[in-house]
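Worksheet for the structure shown next.
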2 protein chains.
Amino acid sequence: MPETVVDQLRENLGQFSATERRVAHRLLAEYPMAGLQSATVLARQVEVSTPTVLRMVARLGFQSYPDFQRRLREELTAQLSSPLSKASQAIRGGRKQSRTTATEFADAVVQNIQETFSHLAAHEIDQVVKLLGDRKQRVHLLGGRFTDALARYLSVQLRIIRGGVNHLQDQEANWQDQVLNMDHRDVLLIFDIRRYQPSLLRLAKAASARQAKVLLITDQWLSPISRLALHVLPARISVPSVWDSNAALMAIAEALLAAVTRNTWEQSQRRMRDLEQLREQL
Amino acid sequence: MPETVVDQLRENLGQFSATERRVAHRLLAEYPMAGLQSATVLARQVEVSTPTVLRMVARLGFQSYPDFQRRLREELTAQLSSPLSKASQAIRGGRKQSRTTATEFADAVVQNIQETFSHLAAHEIDQVVKLLGDRKQRVHLLGGRFTDALARYLSVQLRIIRGGVNHLQDQEANWQDQVLNMDHRDVLLIFDIRRYQPSLLRLAKAASARQAKVLLITDQWLSPISRLALHVLPARISVPSVWDSNAALMAIAEALLAAVTRNTWEQSQRRMRDLEQLREQL
DNA sequence: CGGAAGTTGTAACGAACATTACATTTTGAT
DNA sequence: ATCAAAATGTAATGTTCGTTACAACTTCCG
C-alpha cells in the first residue's frame with residue numbers, strides 16, 4: 001500500500017488512460033500545488049475536461065476530489081514539519097527494481113558533481129572563464145568519442161554570446177588546416193576522458209606548439225593532455241554502470257558558460273539582441 | 001514590505017479585532033494548511049463566522065479569498081523547491097553584489113537532478129527502457145537547438161550496444177524522407193525544452209500519425225509534444241544563470257542507457273566485442 | 001444612562017465547483 | 001470491415017463556497 005500520493009500516482013500511472021496520464025504528469029511535475037487548485041482549473045491547465053481529472057482521482061481510490069485535496073494537505077503538513085523531508089522522500093520512493101537503480105544512478109551523479117566542484121580550484125575556473133570571455137581570443141572546442149557532444153553543446157551556446165567560436169568537426173583530416181593557423185590568440189578547449197584518444201593528444205600537441213592556449217576538461221585520472229594544458233578542470237565520472245557519466249563535465253561546461261555570460265553581460269546582451277533581429281529577418 | 005504571508009499576519013496582528021485575531025492565530029499555528037481549506041471550513045474550525053475570515057483576509061490586502069489561497073500556494077512551491085539553499089534564492093531575488101559562484105551553480109544542478117529523479121515514475125522509465133532495448137524497434141533521436149547535443153550523445157552510445165539507431169540531423173529537410181518510412185516499429189525519442197521548437201512538434205505529429213511511438217524528455221513545464229508522446233520524462237532545468245541547465249536531462253539519458261545496457265547485457269556484450277574486433281581491423 | 005462607532009453573526013444571493021448521466025469519438029479485436 | 005469496449009467530452013444538476021447586505025450586539029465616551 002503506497003504511503004504518499006506521489007507514490008500512488010507513480011504506481012498507477014500505467015493503469016491510466018493517455019489523457020488521465022497527462023493530468024498525473026502535471027500533478028507530479030508541480031507537486032503538490034497543482035492538486036490544491038480546483039479540479040476545473042487543473043483540467044484547464046492540461047487542456048482536458050474536468051471529468052477526466054475527477055476520473056483519474058477516483059481511480060486513485062479517492063471518494064471525491066475534496067477528499068483528494070484533504071489528503072494532499074495532510075501530507076503537506078507532515079512533510080513541512082520534518083526538516084529532512086526531501087531525503088526521506090527520495091528513499092521511500094519505490095520498490096521496483098528500475099526505479100531503485102535509477103535513483104542510485106542519480107545519487108551517484110549527484111555525488112560526482114558535488115565532489116567535482118569541491119575539488120575545483122576557484123583560481124583555475126576564473127582563468128578559464130576569463131579566456132573564454134576574451135573577445136580577442138578565438139575559441140576552438142572539441143571532444144572525444146562521447147564527449148564531443150559536450151564540445152558541440154558548449155560551442156552552440158558560446159556562439160550566441162560571442163564571435164570567433166569554432167567547433168572542430170569529427171573528421172581528423174579537417175583539423176590540420178585549422179591548427180596550422182593557430183597562434184597565441186587561439187584558445188583550444190578539449191574534453192577528454194578515459195579511454196583517452198591519441199588523436200586528441202596529437203592535436204593538443206600541435207596546437208600547443210603554435211602557442212595556442214590549451215584548456216582541458218577531463219576525468220579525475222587526468223588525460224595525458226593535462227601535461228600540455230594551461231588549465232585543467234577534472235571531473236568525477238564513475239557511476240553504477242558499464243559506462244562513465246559525463247554529467248559532471250556538463251555541469252562544469254554550464255557553470256563556465258554562466259560565468260562568462262555574467263562577466264561580459266553588456267557585450268553578450270548586445271550580441272544576443274542583434275542575433276534576435278537577424279533571426280526575425282530570416 | 002513583508003515578503004511572506006506569515007510576516008504579513010504577524011505585522012497586522014495588532015490591527016485585527018479579537019475574533020479576527022483568532023483566525024490569524026489559527027493560520028499561524030497550522031501554516032499553511034489552514035489557509036488552503038475553504039474559508040467556511042476554516043471559520044468552523046475556529047468557531048467564527050465565514051465573513052469574519054473573509055474580512056481578516058481582506059484587511060491583509062487581498063482582493064479575494066481565492067487570491068489569498070493562490071498566494072499561499074505560490075509561497076509553498078517556492079519553499080518546497082529550494083529547502084537547502086537560501087543563497088540561491090537571494091540571488092534569484094536579484095542582489096547584484098553577491099556573485100554567483102561555481103559552487104552555487106553546482107548546488108542548483110544537484111538539486112535539479114534530485115528533484116528530477118524524485119518525480120520520475122518507475123513505470124515510465126521501465127517502458128522507455130524496454131522500448132529502447134527492443135531490437136525489433138528502430139530508434140530515432142533528435143533534439144532542439146541546445147538539446148540536440150544530448151540526442152547525439154545518446155545515439156552514439158546507444159549505437160554501440162544495438163543496431164537500428166538513427167540520429168536525425170539538423171537540417172529539417174532531411175527529416176521528411178525518414179519520417180515517411182516510419183510505422184509502428186519506430187521509436188522517436190525527442191529532447192525538447194523551452195523555448196519549444198515548432199519544427200520538433202511538427203515532426204512529432206508526422207511520426208505519431210504514422211504510428212511511430214514518440215518518447216519525450218522535456219522540462220517540468222512540458223513541451224507541447226507531451227500531448228502526442230507515449231511516455232514523458234520531465235526534468236528540472238532552472239539554474240542561477242540566464243541559461244537553462246541540461247544537466248538533469250543528461251542524467252536521465254545516462255540512466256536510461258545504463259538500464260538498457262543492463263537489461264540486454266548478453267546481446268550488448270556480443271555486439272561490443274564484434275565492434276572491438278572490427279575496429280582493430282581498421 | 002444614551003448614543004455612536006465598531007464588531008460580529010445571520011441570511012440571502014450568485015458564482016464556481018464537483019458530480020453525474022449521456023452522447024460522441026476512439027480504440028482494438030475479430 | 002464491423003462491432004464491442006473503452007475513453008473522452010458535453011451538458012445538466014445539485015452542492016459548496018465566497019461574497020454582500022443588514023441586523024444584532026458590544027464597547028466606550030459623553
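Nothing here was measured: the structure is a model prediction, and the numbers come from that model. Below, chain A is the first sequence line, B the second, and so on; all start at residue 1.
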Take atom [atom1] of [X] and atom [atom2] of [N], then tell me their distance rounded to the nearest Å.
| X | N | atom1 | atom2 | answer |
| --- | --- | --- | --- | --- |
| B:Asp67 | D:dC17 | CG | P | 19 Å |
| B:Gln211 | C:dG28 | CD | P | 9 Å |
| B:Leu42 | D:dT16 | CG | C1' | 16 Å |
| B:Met56 | C:dT8 | CE | C1' | 15 Å |
| A:Arg70 | D:dT16 | CZ | P | 12 Å |
| A:Arg21 | D:dA6 | CZ | C1' | 14 Å |
| B:Glu20 | C:dG6 | CD | C1' | 11 Å |
| B:Arg44 | C:dT10 | CZ | P | 13 Å |

Exercise for the section: Return no unless some side-chain N or O of A:Ser49 is found under 4.0 Å from OP1 or OP2 of D:dT10. Expected result: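 Result: no.
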Practice task
Taking B:Gln211 for its side chain and B:Arg185 for its backbone only, find out whether a donor-acceptor pair lies under 3.5 Å.
Solution key: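 Not a single qualifying donor-acceptor pair exists.
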Practice task
For the pair B:Gln69 (side chain) and B:Leu36 (backbone), establish whether a donor and an acceptor sit closer than 3.5 Å, ignoring hydrogens and angles.
Solution key: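 Yes: the side chain of B:Gln69 pairs with the backbone of B:Leu36.
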Do we see a donor-acceptor contact under 3.5 Å between the side chains of [X] and [Y]?
| X | Y | value |
| --- | --- | --- |
| A:Gln15 | A:Arg59 | no |
| B:His119 | B:Arg236 | yes |
| B:Arg135 | B:Thr264 | yes |

Problem - Rounded distance (nearest 0.5 Å) linking atom CG of B:Asn246 with atom CG of B:Asn112 - result: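 These two atoms lie 10.5 Å from each other.
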Contacts under 3.5 Å, N or O only, protein and nucleotides 18-20 of chain D:
from: D:dG18; atom 1: OP1; to: B:Ala39; atom 2: N; distance (Å): 3.0
from: D:dG18; atom 1: OP2; to: B:Ala39; atom 2: N; distance (Å): 2.9
from: D:dG18; atom 1: OP2; to: B:Thr40; atom 2: N; distance (Å): 3.1
from: D:dG18; atom 1: OP2; to: B:Thr40; atom 2: OG1; distance (Å): 3.2
from: D:dT19; atom 1: OP1; to: B:Tyr65; atom 2: N; distance (Å): 3.3
from: D:dT19; atom 1: OP2; to: B:Tyr65; atom 2: N; distance (Å): 3.2

